[in-house]
Amino acid sequence: MIEWAVDGDTLHVTDADNAELTVNGDELVVDDSGVDISRPVDDTIVLTTDELRFPHAVVYAFSLGLEDQYELDPGGDPLTLSPGEYVVDVDTEIKAYLRFSGGATIQKTEDYESIIVSFPDRTRVILGVRCRHEFPAGTITVPDSPSAIAEAVTHMAASHKTDGPDRSYPTLRGHPSLIEHGDSLEVPEYIRSDTPENGIELIVPPDYESLFTTAPLAYYVQATVRTTEEVLGNRPRSDRTQPRLRLLDHAIEEELSPMPELERDVERLLRKTFFLDCLVRNVGPYGTNLSERSLLDALGLDAEALYHASLQDRLATYLDVPYAAIKHRLPEWHLSTYVTPTYDSVETLPFLLDRLSMIYTPRTSELEGQELVERSLEDFYRGQGPAPSAGAGAGTTSRTGASNAGPIDSYRASTGQVASVDIVKPELRGGRAHGWLADGVPIDVFKSAPEAYHNRLDFLERASDSTSICVVLNDPEMAGEHDDVAEIYRQRSEDLSMDVTVAESLETDALAGIFEDDHDFVHYIGHCETSGLRCPDGTLATSSLSRCNAQTFFLNACGSYYEGMQLIEKGSVAGAVTFTKVLNDHAVKVGSTFAKLLVHGFSIERAMGLARNRIMMGKDYAVVGDGTHSLVQGENQLPTTAKLEELDEIDGERQYLLTLDCYSTRVTGSYYFPHTDGNEYAHLCGNESSFTLTESALATMLDETAASVIYDGDIYWSKELSRQFER
């Protein structure tokens with residue numbers, strides 16, 4: 001769903017996922033819409049101007065008829081197009097295409113924040129726009145049968161737009177069809193017709209553990225999933241516990257380990273296949289100068305031949321590549337989700353595959369002694385030296401997670417009783433972020449629920465002109481955090497379409513109204529008791545709400561976990577909560593940092609992960625619902641975190657090591673280009689890049705980069721930190 005409006009010489013384009021594209025023109029005239037542009041778009045708009053300005057983006061130009069391709073130099077040199085027919089691909093948060101006749105010059109501004117497309121004269125330009133998020137195409141009904149689930153997983157691949165290596169680009173993997181429970185298997189004919197048949201089969205035992213574990217691999221390689229029971233039947237001496245990957249044209253049958261080792265085999269095979277696709281695709285029309293691409297030569301792989309090969313031929317070549325040969329170059333996988341493998345959980349599979357999450361069987365153990373405190377201290381940014389022991393003034397923690405780290409009058413607690421949560425330790429496998437769709441309340445994961453994913457689709461279908469944020473202060477003594485976060489949201493509203501309202505000392509009915517109204521984010525500052533969120537006239541139990549229409553939230557109050565989970569069940573997508581009592585100064589630090597990151601495009605989980613590492617007892621904070629969800633887009637398409645380290649002087653000038661970490665759980669397979677002097681390489685998201693910079697070069701890069709920066713034991717926003725290094 002795309003909406004657009006014109007305000008003077010500015011065109012505002014928004015989609016259902018709150019992404020926004022602002023295009024500025026010189027004496028801009030909008031004539032028409034709905035004109036064909038020969039590219040996959042949701043809408044087109046005809047513009048007349050001699051100059052268009054876009055946000056920072058990767059830009060390609062294609063000469064129609066001549067099949068020539070050009071790329072705007074990431075280093076900043078302008079791209080000059082001689083007169084002709086062109087389609088220009090501008091890779092912003094909302095995909096944009098320009099079609100025009102004539103010559104043009106495309107260049108980046110000196111601060112790299114904008115792209116300028118200029119024409120010698122006023123020119124008619126067709127602007128095509130496409131929402132990056134796609135809704136599921138239809139619904140598959142499944143009975144409680146492993147063979148039926150296997151067929152449903154097979155049809156998940158119908159959402160792919162290609163079977164070539166370009167499917168590693170997130171824009172070429174659509175959202176899989178939804179799955180719902182029923183008495184019989186029902187697959188709409190249009191989904192069947194779109195399901196590829198490429199001769200790749202994944203044979204798995206007829207149990208839900210194996211089917212859930214292999215689903216991400218089957219989805220990505222577009223395999224037909226069949227159970228060993230279906231394939232082997234009553235054949236004597238056949239092993240029905242042995243999973244297999246078959247390439248029929250090559251007579252290849254790759255044996256995989258049974259559970260639980262099957263999890264390791266699937267992880268390795270999917271990571272290897274996806275990574276090699278990311279390298280091979282660079283010889284195609286959307287390639288770039290990727291730093292990791294040289295690995296293909298070291299492996300003796302012909303990228304040109306592989307790019308044009310069939311899916312089977314390409315996968316057969318990948319199978320011959322030893323995992324050990326590429327392990328050290330693989331980006332850390334972005335997301336792992338731990339799911340109870342039952343019939344009740346199958347409805348979550350399409351949402352997890354849309355994020356290309358690994359799927360694991362959940363396993364937990366009890367936290368021992370001071371383990372929660374020790375884990376918090378390990379993550380604390382200020383603890384870069386030896387961490388204090390749990391008994392040396394760091395506080396103590398019970399198995400319920402109730403911290404005793406400080407005087408009672410410094411807690412953000414009321415006189416009422418605070419709910420306790422029985423926290424467990426999850427057995428985490430690889431991954432940057434971890435989701436939990438199972439019983440128990442583990443640390444270091446976001447605790448999700450099936451409702452969260454369906455709620456996200458509901459919000460995507462709602463039209464919204466701007467992002468609505470409401471800050472609620474229900475205790476005057478916490479005005480410090482209220483003032484900080486309100487100012488952060490107001491400052492950000494100068495750059496994005498954002499409505500910010502503040503409310504104080506709300507009674508139960510008024511607070512219920514805030515959650516029941518249409519808000520994109522509610523930041524609650526106050527107290528939480530076992531009976532609910534504290535108000536001047538009592539407490540509000542969120543379970544009493546008829547419906548929660550707050551898309552996301554932060555309940556920055558002691559012991560708010562259960563109230564947050566109720567908000568998810570009542571309609572929210574994701575939110576931040578606490579497990580137990582929290583210190584007031586800690587709450588202020590977490591609240592302000594979380595606010596800053598959230599409104600700059602970080603996902604709920606990543607924003608909270610960074611924010612809670614500012615305090616010693618960061619494990620007291622957690623995320624509920626779909627932690628991969630983002631409230632708004634940032635200046636950069638992909639949220640970036642940097643680590644800054646001071647080095648020794650060279651020739652009397654201080655040197656700094658800046659390490660960039662750019663990734664998103666929403667757009668796996670993307671790449672980023674660091675704008676430093678002399679850099680000519682892009683990097684796959686999930687792989688860090690490091691640069692040694694002088695103080696002046698560092699100040700310039702920080703000012704031109706929208707990123708969170710970990711420096712000197714704390715976290716800063718790059719543009720604000722740059723002032724410390726300016727001379």
Side-chain angles (χ1 to χ4, degrees), residues 1-2 15-17 19 36-44 58 60 62 69 87 89-97 128-140 152-178 187-200 215-224 270 273-288 306-315 349-357 457 460 637 664 666-671 685:
M1 182 187 299
I2 289 285
D15 70 8
D17 205 11
D36 182 52
I37 197 175
S38 70
R39 289 293 190 275
V41 296
D42 295 321
D43 201 356
T44 56
V58 176
Y60 298 96
F62 301 88
Q69 174 190 333
V87 170
D89 180 338
V90 185
D91 195 20
T92 55
E93 181 72 7
I94 294 177
K95 191 72 172 180
Y97 299 95
V129 287
R130 185 177 82 239
C131 173
R132 289 185 178 273
H133 182 92
E134 292 194 22
F135 291 92
T139 301
I140 298 173
V153 172
T154 296
H155 292 296
M156 296 291 99
S159 64
H160 285 267
K161 298 177 175 63
T162 178
D163 64 1
D166 287 335
R167 65 186 170 176
S168 57
Y169 286 115
T171 53
L172 295 178
R173 300 188 306 271
H175 196 301
S177 303
L178 298 180
V187 183
E189 184 55 39
Y190 60 88
I191 296 178
R192 288 188 182 275
S193 62
D194 287 342
T195 302
E197 296 181 5
N198 48 45
I200 298 175
L217 176 63
Y219 165 69
Y220 184 72
V221 303
Q222 299 163 274
T224 297
L270 177 53
T273 302
F274 187 85
F275 176 63
L276 292 175
D277 269 354
C278 288
L279 305 189
V280 169
R281 74 188 186 191
N282 284 282
V283 301
Y286 304 107
T288 189
L306 286 170
Y307 184 82
H308 296 287
S310 70
L311 196 156
Q312 269 198 73
D313 290 346
R314 195 168 62 253
L315 185 54
L349 281 176
F351 302 102
L352 303 182
L353 299 183
D354 179 54
R355 294 291 196 251
L356 207 58
S357 173
L457 292 183
L460 288 175
Q637 184 179 327
S664 170
R666 301 172 58 200
V667 287
T668 305
S670 297
Y671 61 86
C685 290

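This chain uses plain numbering: 1 for the first residue, then up along the sequence.
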Over all atoms of both residues, closest heavy-atom pair of P136 and P176: CB-O, 3.4 Å
From R314 atom CZ to D277 atom CG, the distance as rounded to the nearest 0.5 Å: 5.0 Å
Where S357 and P216 come nearest, the two heavy atoms and their spacing: O-CG, 3.2 Å
Flag side-chain contact, heavy atom, 4.5 Å: Y219 against L349: no
Distance-minimising heavy-atom pair for I191 and A137: CD1-O, 3.4 Å
Derivation and outcome, side chain to side chain donor-acceptor pair (under 3.5 Å), residues R130 and Y97: CA-CA 9 Å; R130 185 177 82 239; Y97 299 95; 3.1 Å; yes
Side chain to side chain contact (heavy atoms under 4.5 Å, CB included) between L178 and F135, worked out: CA-CA 10 Å; L178 298 180; F135 291 92; over 6 Å; no
Side chain to side chain, S670 and P170, heavy atoms closer than 4.5 Å: yes
Between D166 and Y307, a side-chain donor and acceptor under 3.5 Å: yes
Y220 and H160 aromatic ring geometry - parallel, tilted or perpendicular at 30°/60° bounds: perpendicular
Check: R167 side chain, K161 main-chain N or O, donor-acceptor pair, under 3.5 Å: no
Identified side chain to side chain donor-acceptor pair (under 3.5 Å) counterpart of H155 within the set D194, T224, T195: T195
Separation of F62 CZ from D89 CG (nearest 0.5 Å): 5.5 Å
Side chain to side chain contact (heavy atoms under 4.5 Å, CB included) between Y671 and C278, worked out: CA-CA 9 Å; Y671 61 86; C278 288; over 6 Å; no
Side chain to side chain contact (heavy atoms under 4.5 Å, CB included) between I200 and L315, intermediate numbers included: CA-CA 9 Å; I200 298 175; L315 185 54; 3.8 Å; yes
OG1 on T171 to CG on D91, rounded to 0.5 Å: 7.0 Å
CE on M156 to CZ on R173, rounded to 0.5 Å: 15.5 Å
N/O donor-acceptor pair under 3.5 Å between D163 side chain and N198 backbone: no
S177 OG to L353 CG distance, which is reported to the nearest 0.5 Å: 11.0 Å
Straight-line distance of L356 CG to T668 OG1, nearest 0.5 Å: 6.0 Å
